[in-house]
There are 2 protein chains.
Amino acid sequence: MQSFTEENYLKTIYHLSQVNESPVQTNAIAEKMQTRAASVTDMLKKLFDKQLIDYKKYQGVTLTTHGETVAIGVVRKHRLWEVFLVEKLQFRWDEVHEIAEELEHINSAALVERLDEFLGFPKRDPHGDPIPNRDGIFEPSLNVNLHQIPKGNYAVIIGVSEHSPAFLRHLEKLELTIGVVLELIEITEYDGSVELLVNNKKINISREVAQHILVNRKETV
Amino acid sequence: MQSFTEENYLKTIYHLSQVNESPVQTNAIAEKMQTRAASVTDMLKKLFDKQLIDYKKYQGVTLTTHGETVAIGVVRKHRLWEVFLVEKLQFRWDEVHEIAEELEHINSAALVERLDEFLGFPKRDPHGDPIPNRDGIFEPSLNVNLHQIPKGNYAVIIGVSEHSPAFLRHLEKLELTIGVVLELIEITEYDGSVELLVNNKKINISREVAQHILVNRKETV
DNA sequence: AATAATTTTTAGATTAGACTAAATTTACAA
DNA sequence: TTGTAAATTTAGTCTAATCTAAAAATTATT
């Protein structure tokens with residue numbers, strides 16, 4: 001069994017090796033976890049001794065199969081609890097991350113499976129992130145961001161790649177939430193800002209925002 | 001804010017001062033928490049410094065108003081989560097205590113209030129224990145055990161005063177669960193065992209079992 | 001009241017996780 | 001290839017929570 005803290009390290013290493021590729025660097029972990037590199041080194045030794053990571057001094061880390069299983073288990077719990085909080089307890093999508101950070105460490109296999117069933121085996125969390133099944137398998141997905149859609153095309157929002165409450169509330173205000181269908185009218189050459197048609201309204205969003213909105217292209221409306 | 005561990009100490013002190021009267025002794029806390037008296041003394045000093053308990057060396061402890069508020073908050077969360085696990089996730093009443101021991105430390109006032117609402121503001125947990133409201137107020141209750149009912153009388157089971165899975169499964173097997181109406185036929189003088197009529201069946205239970213079943217007397221069937 | 005038994009506290013260590021400061025290794029540029 | 005900057009690790013502390021063993025205080029018993 002892993003401690004709360006060990007689980008958080010594994011989860012962070014997992015996320016970092018998804019975004020950039022592995023091996024993951026000590027400093028990257030330290031920054032993400034708001035701690036110091038020296039603390040990370042201490043923990044890496046411990047995780048290595050427990051065979052949860054592969055680690056050579058100065059060479060960064062990758063998760064072992066076992067370590068990845070644990071990390072994906074934590075991600076699964078986090079995302080299922082987020083669905084619970086939004087679907088059952090009526091929280092907004094920008095409020096659930098912090099609470100799920102605590103709930104993800106509750107330790108009961110039976111609880112996770114029953115929660116999954118209670119929620120109807122959801123495939124994605126409220127931000128559109130995929131939920132691994134009990135075997136740790138994710139449904140394949142495309143991950144195209146809005147900025148990559150050619151003009152004149154339609155798309156449906158399936159997720160976001162940035163989870164800060166400020167960003168999520170901004171999207172909410174723009175009516176850019178999961179499931180919304182939009183038409184991409186124009187990408188401004190000068191600053192990369194994007195003009196959209198959403199709910200019959202024309203709106204303009206910055207390149208930064210557009211790049212954090214994940215979509216599926218749609219052939220028709 | 002209190003740590004996980006501090007919350008557990010406060011909860012234990014709270015429970016012990018309900019059962020026997022206060023002040024609560026160091027050894028009693030140690031036994032209940034499966035730890036050593038020396039560890040308890042260390043923690044008592046800390047809780048005293050935080051003004052969560054009143055404590056004089058060698059004289060035992062009582063909770064301060066603040067400490068009691070925290071303890072009741074933990075009890076409230078524990079019992080609400082137990083209701084969730086049984087009512088929504090279909091756990092049995094003998095399976096929920098351990099999971100609730102973890103969930104009770106999740107830290108979000110909004111979560112507790114929304115969970116309470118989602119569950120329909122339950123007044124009692126799956127073992128019949130009262131759930132304090134958001135202000136820490138318990139609904140008054142009588143707490144008569146089955147052994148105190150005069151023969152020939154009817155009663156309805158409202159709770160239990162012993163929560164071990166073994167005991168709960170035993171009751172389940174005897175069909176002695178919350179809400180069940182029974183008639184007390186006889187209390188055997190020799191060993192205090194009790195003869196009951198439940199669901200039209202005559203059964204016999206030991207004095208020990210009878211004393212851990214809490215009931216309300218009923219005038220009629 | 002004196003002594004024995006019990007309870008509680010103190011003293012001193014230990015472990016997990018974190019920190020600072022200094023040393024070391026790696027990477028990169030002149 | 002040599003020197004410097006950046007990244008990482010080591011060494012040594014710190015705090016929270018625990019422990020054992022010993023000392024002190026309280027309670028019970030003659």
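Chain letters run A, B, ... following the sequence lines, proteins first, then strands; residues in each count from 1. Heavy-atom basis, side chains included; hydrogens, waters and symmetry copies ignored.
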For residues 81-91 of chain A, run the donor-acceptor check on the side chains, cut-off 3.5 Å, and write out each pair with its distance to 0.1 Å, sequence neighbours left out.
residue: A:Trp81; atom: NE1; partner: A:Leu103; partner atom: O; Å: 3.4
residue: A:Glu82; atom: OE1; partner: A:His127; partner atom: ND1; Å: 3.0
residue: A:Glu82; atom: OE2; partner: A:His78; partner atom: NE2; Å: 2.9

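Here C:dA16 presents its C1' atom at 15 Å from CG of A:Leu44, a figure rounded to the nearest Å. D:dT9 atom C1' lies 7 Å from atom OH of A:Tyr55, rounded to whole Å. Taking atom NZ on B:Lys56 and atom P on D:dT26, their separation rounds to 12 Å, with Å as the unit. In this structure, the CG atom of A:Leu47 is 11 Å from the P atom of C:dA18, given to the nearest Å.
Side-chain contact check for B:Asn8 versus B:Lys11: some heavy-atom pair is nearer than 4.5 Å. Two residues are said to be in side-chain contact when any heavy atoms from C-beta on lie closer than 4.5 Å; B:Lys123 and B:Asn133 fail this criterion. Residues B:Leu63 and B:Val70 are not in side-chain contact: their nearest non-hydrogen atoms beyond the backbone lie 4.5 Å or more apart.
Within the nucleic acid shown, B:Thr26 comes within 4.0 Å of sugar-phosphate atoms alone, with no base atom in reach, counting heavy atoms only. Within 4.0 Å (heavy atoms only), A:Tyr9 reaches sugar-phosphate atoms of the nucleic acid but no base atom. Within the nucleic acid shown, B:Phe4 has no heavy atom closer than 4.0 Å to any nucleic acid atom.
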Quick test: give all pairs of protein nitrogen or oxygen and nucleotides 12-16 of chain D nitrogen or oxygen below 3.5 Å, distance rounded to 0.1 Å.
residue: D:dA16; atom: O3'; partner: B:Lys46; partner atom: NZ; Å: 3.4

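Using a cutoff of 4.0 Å between basic side-chain nitrogens and carboxylate oxygens, B:Arg124 and B:Glu139 are not scored as salt-bridged. Salt-bridge annotation for A:Glu172 and A:Arg169: absent, with no side-chain N of the basic residue lying under 4.0 Å from a carboxylate O of the acidic one. Using a 4.0 Å cut-off between charged side-chain N and carboxylate O, A:Glu113 and A:Arg134 make a salt bridge.
Side-chain contact annotation: B:Ser193 with B:Thr188, donor-acceptor N/O pair under 3.5 Å present. A donor-acceptor contact closer than 3.5 angstrom links the side chains of A:Asp129 and A:His163.
Nearest nucleotide to the B:Asn27 side chain, out of C:dT9, C:dC19, C:dT7: C:dT7.
Close to D:dT9, at under 4.0 Å from its OP1 or OP2, lies no side-chain N or O of A:Lys45. Contact annotation: B:Gln25 side-chain N/O to C:dT7 OP1/OP2 distance is not under 4.0 Å.
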Legend entry - Contact pattern, 5' to 3', of nucleotides 20-25 of chain C - B, S or - by protein heavy atom under 4.0 Å: BB--BS
